[in-house]
Amino acid sequence: MTRAFGAYGAVLSDPSARRFTLAGLLARLPLSMTGLGIVLLISLTTGSFGRAGLVTACATLTAAVVLPWWGRRIDRIGQARVLVIAAVLAAVGLTGVTATVLLGMPLWLTCLAAVVSGLGATSAGSAVRARWTYLLREREPGQLNTAYSLEAVFDEVVFIVGPVLVTFLATAIHPAFALGVVVVLGLAGAIALAVQRGTEPPLAVPAVGHDRASARLSLRFLISVMLACAALGALFGGMEVVVVAFAREHDILPYAGAILMVWAAGSLIAGLVTGTIHWKVGPRRRFRVGAVLLAASVLPLLFVDHPVGVAGLLLLSGLAIAPTLISSVALTQSSVPASRLTEALGWTSMGMATGVALGAAVLGRVIDGWGARGGFMAMVGVALLLVASALAIRTPAKQLRAEPGTPAVVPDPIGAENLSR
């Protein structure tokens, strides 16, 4: 066991890797705090959950649209400037949301501020994964899988710590203070990551001897993987709403967060284990298997009506989450040119974010009509959609690498000296 988990020690043996990983973790915390922070601010200040949901949707959907654009800007002008500009936009937008709510200004102004905050959606996760891809480009393939697994674990940490922190700050101090902390964390994380120029991948430059076609993204692949990520996001967003409805019906609403934390804990454990495995199969097959396992884990929820039983099933379901997410990133990384990697990850993030928003909205409507049981039935339909979309993924005809798991890297004619530009 010690030897297996030593894989994490190997990829983190480089001090620069530890630094950009921690900075990326800090920069990603707002992802799990912003939406809930807005809901707490508006609901506790005005008493309206409808207004809170509308404002949150404005921020979420805007973020989903701009993530690919930010990813392309990162690939073309570098991470540092983009991360800082986006963080400033998010800070201005969240400050505007706070001010308009506290001052009782019109709802459309709050929505406009939410759109501005969404325009500053962080690309820190994609930026960190791009750094890992570049840093480990000449090492053995298994180390890149370990690095992706580590990032998936940090994603789970973010979504365990973030909601608890923002809820505590909003209820114990003030919801405006909670959003202020979100602003500070986002700015601090973005700046901490931006100043680390030595590990920032070089700007996208066509490889010697390659034409422009070699740097194109396969539209067929991109659409298919975006749809699969959207279905995966719908599963996540829908499950959160169903669990809250289930807890409310069983009069244990304060424990809804604990049940969802069990789900995240299962994913965290699986993510840690996944990073120790040297895979012999490609990421597309792993993604398909993960989708099937996730779908299979949802079905038994139809037949369990006890909170402990539901929590136990969600723990098992969580074990399939991180491996599926890790394989989705590896699949994208192995199927696009290295010079377009951040942009491609932005598109998959857009699919995921859109799925989360639509899943929560649709499942909310279902629950209003048929309760939590109807919600669990709808979740089975979402899970089947995930399986179908995963099976429909087609990788580009011309593979970017012969060996599954080997980093895709376009040769860099600029030279190593430009890493610290």
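For this chain, numbers begin at 1 and follow the sequence in order.
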Short side-chain to backbone donor-acceptor contact, Arg129 and Val329, under 3.5 Å: no
Any Leu29 side-chain heavy atom under 4.5 Å of Met33 side chain: yes
Within the 4.5 Å heavy-atom criterion, are Leu102 and Leu41 side-chain neighbours or not? yes
Salt-bridge present (Arg28, Glu151; N to O < 4.0 Å): yes
Can you tell me if CZ on Arg394 sees more than 12 non-hydrogen neighbours from other groups inside 6.0 Å? yes
If you define the side chain from C-beta out and look only at heavy atoms, does anything of Ser328 sit under 4.5 Å from Thr348? no
For Gln196, is there any backbone N or O sitting under 3.5 Å from a side-chain donor or acceptor partner on Glu200? no
Quick check: closest heavy atoms across Arg373 and Val304, and the distance to 0.1 Å? NH2-O, 3.3 Å
His250 (side chain) donor-acceptor with Ile252 (main chain) under 3.5 angstrom: no
Sorted by chain and residue number, the ring pair (Phe, Tyr, Trp, His ring centres under 6.0 Å) partners of Trp132 (sequence neighbours excluded) come out as Phe20
Does any non-hydrogen side-chain atom of Phe246 lie less than 4.5 Å from one of Pro307? yes
Within-4.5 Å side-chain heavy-atom neighbours: Leu40 and Thr45: no
Closest non-hydrogen atom pair, Ala372 against Val242: O-CG1, 4.1 Å
Test Leu314 against every option in Leu301, Leu319, Val298 by the side-chain contact (heavy atoms from CB on, under 4.5 Å) rule and name the one that passes. Leu301
When rounded to the nearest 0.5 Å, the distance separating CD1 of Ile269 from OG1 of Thr274 is 11.5 Å
Using a 4.5 Å cut-off on heavy atoms from C-beta on, say whether the side chain of Phe236 contacts that of Val382. no
Keeping Ser267 on the side-chain end and Ala322 on the backbone end, is there a donor-acceptor pair under 3.5 Å? yes
Are any side-chain N or O atoms of Arg288 and backbone N or O atoms of Leu391, one a donor and one an acceptor, separated by less than 3.5 Å? yes
Taking the side chain as every heavy atom from C-beta outward, state whether Val225 and Trp347 have any atom pair closer than 4.5 Å. no
Trp70 atom CH2, over 12 foreign heavy atoms within 6.0 Å: yes
Quiz question: by atom type and distance under 3.5 Å, do the side chains of Arg197 and Gln79 form a donor-acceptor pair? no
Short question: side chain of Ser335, backbone of Thr332 - any donor-acceptor pair under 3.5 Å? no
CZ of Arg18: more than 12 outside heavy atoms within 6.0 angstrom? yes
Between Ala392 and Ser224, the two heavy atoms sitting closest are O-CB, 4.1 Å
With a cut-off of 3.5 Å and sequence neighbours excluded, list every side-chain donor-acceptor pair involving residues 59-67.
residue	atom	partner	partner atom	Å
Thr60	OG1	Thr56	O	2.9
Thr62	OG1	Cys58	O	2.6

Assess Arg73 against Trp69: is NZ or CZ under 6.0 Å from the centre of the six-membered ring, and within 45 degrees of the ring's axis? yes
Between Val366 and Met377, is any pair of side-chain heavy atoms under 4.5 Å apart? no
Any sub-3.5 Å donor-acceptor pair from Thr34's side-chain atoms to Leu31's backbone N or O? no
What heavy-atom pair brings Pro323 and Ala270 nearest, and what distance separates the two atoms? CD-CB, 3.7 Å
